[in-house]
Amino acid sequence: MALSKFLGLFLIHIALLSSSCFAADPFVFYDFEVSYITASPLGVPQQVIAINNKFPGPTINSTTNNNVVINVRNKLDESLLLHWSGIQQRRSSWQDGLPGTNCPIPPKWNWTYQFQVKDQIGSFFYFPSLHFQRAAGGFGGFIINNRDIIPIPFGSPDGDITILIGDWYTRNHTALRKALDAGKDLGMPDGVLINGKGPYRYNDTLIPDGIDYETIDVHPGGKTYRLRVHNVGISTSLNFRIQSHNLLLAETEGSYTVQQNYTSLDIHVGQSYSFLLTTDQNASSDYYIVASARFVNESQWKRVTGVAILRYSNSKGKAAGPLPDPPQDEYDKTFSMNQARSIRWNVSASGARPNPQGSFRYGSINVTEIFVLKNKPPVTIDGKRRTTLSGISFVNPATPIRLADQFKVKGVYKLDFPSRPLTGPPKMETSVINGTFRGFMEVILQNNDTKVQTYHLSGYAFFVVGMDYGEWSENSRGTYNKWDGIARSTTQVYPGAWTAILISLDNVGVWNLRTENLDSWYLGQETYIRVVNPE
């Protein structure tokens with residue numbers, strides 16, 4: 001009862017705030033009805049989460065500084081939150097759609113999200129953040145276009161195409177959740193979907209007949225298409241490639257990159273990239289689009305491969321023959337890391353900066369606080385299988401942290417997250433990082449697990465300044481890129497390795513720092529950074 005009173009006051013407070021903040025910039029409106037439908041992307045009928053009866057959901061199309069209004073009606077049988085991954089929610093962290101910032105939307109209720117995409121451009125996606133629901137769908141693309149007066153650092157593309165890739169299970173999300181609750185691993189996925197569809201039948205033995213696959217239609221003659229590719233999956237890093245075509249990397253998660261060609265690129269869970277594809281082939285046949293599992297035994301994981309078709313309008317036949325090869329680096333751990341290091345920020349491009357106050361000269365800013373965050377394989381705490389960050393397995397509070405702050409509710413969380421990993425036994429707590437407003441934070445993400453982890457931070461674009469194998473030490477700073485490290489919201493940390501990021505804490509709010517690997521996130525591998533303006 002007390003919470004509903006808080007919520008009512010809170011909504012009035014938000015309404016007053018939004019009416020004063022959003023006056024001059026244009027609005028874009030969306031209505032989302034979130035429900036279950038039956039689909040068979042891998043040939044097995046199953047329950048998936050659709051938006052407006054579509055799986056995946058619609059792409060949100062906006063422009064820098066637009067006010068985005070999305071009315072969400074929850075027709076599921078459980079509570080729902082939609083999270084707008086990579087949207088910085090400047091001064092509006094209560095719209096972030098996570099349990100630390102929002103009350104869930106109960107079944108049969110609706111809730112209207114309203115936020116401004118302030119000073120941002122680029123390629124992002126949204127997804128449901130509660131109850132392991134992302135494993136059932138409910139995701140879609142989120143585009144923020146440049147304003148007309150801001151030039152893009154490449155010619156206007158002839159088309160703009162969103163591609164959602166991700167590993168997939170034929171078990172419902174509720175069954176996957178029960179397996180995790182019972183202390184089990186999820187095991188190998190049943191396949192990879194591309195835009196909600198299963199693989200093209202490139203191999204009659206592996207792929208059953210009758211599976212619906214995705215086709216991307218393009219025109220010949222050297223036309224250029226912008227492909228926005230997002231890994232919306234559960235826990236599998238995927239290598240993305242298109243037969244006989246180069247991928248010119250142009251943008252990632254809101255930052256234009258130094259443009260360079262890749263024959264394939266590793267896209268880890270939760271990451272987004274924009275490529276420019278030129279139709280420079282002779283269209284003797286269609287071409288394979290492939291997203292295949294990385295860092296696994298490929299002979300055992302063959303089924304975990306998504307295959308779509310790139311079709312020129314003058315194509316002379318169907319795609320045939322073997323798929324284009326993935327990187328041949330099963331015994332070379334450095335190939336993927338060197339590829340990641342090669343992604344650099346285009347510091348001369350116009351556009352909304354991640355931190356418009358000038359902190360893009362990040363290499364010369366003094367660090368004010370340092371956190372070393374370490375994850376390990378799952379552990380048992382109080383008889384339950386849990387994952388940890390620095391020895392703490394996060395417990396989501398009954399009252400969102402943002403709401404507890406607003407109404408000064410005591411005892412909801414502890415502002416005591418350690419700056420170095422705990423040395424004692426692991427524990428389950430609602431422990432939050434105390435960030436200093438306008439501070440400059442260095443975070444070292446140390447992955448002592450056996451699989452790739454990707455980490456996401458809400459509210460910010462951080463600078464990826466270094467990564468290497470082994471344990472991070474003070475001497476590791478000598479290897480940092482202090483000039484053009486990419487600014488983004490999701491970064492990979494290789495097993496037995498570290499990644500260092502720098503964050504300018506200029507956005508007031510409560511911000512989720514989590515692994516994007518859905519199983520590890522579900523079991524507690526996350527925290528929040530609380531940033532308060534003392535004035």
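Everything numeric here is computed off the predicted structure, so don't read it as measured data.
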* **Check against ring pair (Phe, Tyr, Trp, His ring centres under 6.0 Å), Tyr287 and His245** => CA-CA 9 Å; Tyr287 299 97; His245 290 75; 4.9 Å; yes
* Kindly determine whether Ser264 and Asn239 satisfy side-chain hydrogen bond (donor to acceptor under 3.5 Å, both in side chains), including the steps that lead there. => CA-CA 7 Å; Ser264 73; Asn239 180 265; 3.1 Å; yes
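Using a cutoff of 4.0 Å between basic side-chain nitrogens and carboxylate oxygens, Asp286 and Lys316 are not scored as salt-bridged. Under 4.0 Å is where a charged nitrogen must lie from a carboxylate oxygen, and between Asp506 and Arg90 at least one such pair does. Using a cut-off of 4.0 Å between Lys/Arg side-chain N and Asp/Glu carboxylate O, Lys223 and Asp280 are scored as not salt-bridged. Remark: Glu253 engages Arg488 in a salt bridge, criterion side-chain N to carboxylate O under 4.0 Å. Checked for salt-bridge contact, Arg344 and Asp484 meet the test: a charged N lies under 4.0 Å from a carboxylate O.
Taking all atoms of both residues into account, the shortest heavy-atom contact from Gln88 to Ala461 is NE2-N, 3.6 Å.
Here the rule is ring-ring contact (aromatic ring centres under 6.0 Å, His included) with Tyr113, and of Phe29, Trp94, Phe32, Trp84 only Trp84 fits it.
A cation-pi arrangement is not found for Arg177 relative to Phe132, the charged atom failing to lie both closer than 6.0 Å to the ring centre and inside a 45° cone about the ring normal. Figure legend: cation-pi geometry between Lys333 and Tyr494 absent, as NZ or CZ is not positioned both under 6.0 Å from the six-membered ring centre and within 45° of its axis.
Aromatic ring centroids of Phe142 and Tyr126 lie 6.0 Å or more apart. Ring centroid separation for the pair His230 and Phe125 comes in under the 6.0 Å cut-off.
Environment of NZ in Lys451: crowded, with over 12 heavy atoms of neighbouring residues, nucleotides or ligands closer than 6.0 Å. The 12-atom threshold is not exceeded at CG of Asp148, counting heavy atoms of other residues, nucleotides or ligands nearer than 6.0 Å.
Between the side chain of Gln116 and the backbone N or O of Asn65, at least one donor-acceptor pair lies under 3.5 Å. Checked by atom type and distance alone, the side chain of Ser274 never pairs as donor or acceptor with a backbone atom of Arg228 at under 3.5 Å.
The closest side-chain donor-acceptor pair between Gln453 and Tyr455, if any, does not fall under 3.5 angstrom.
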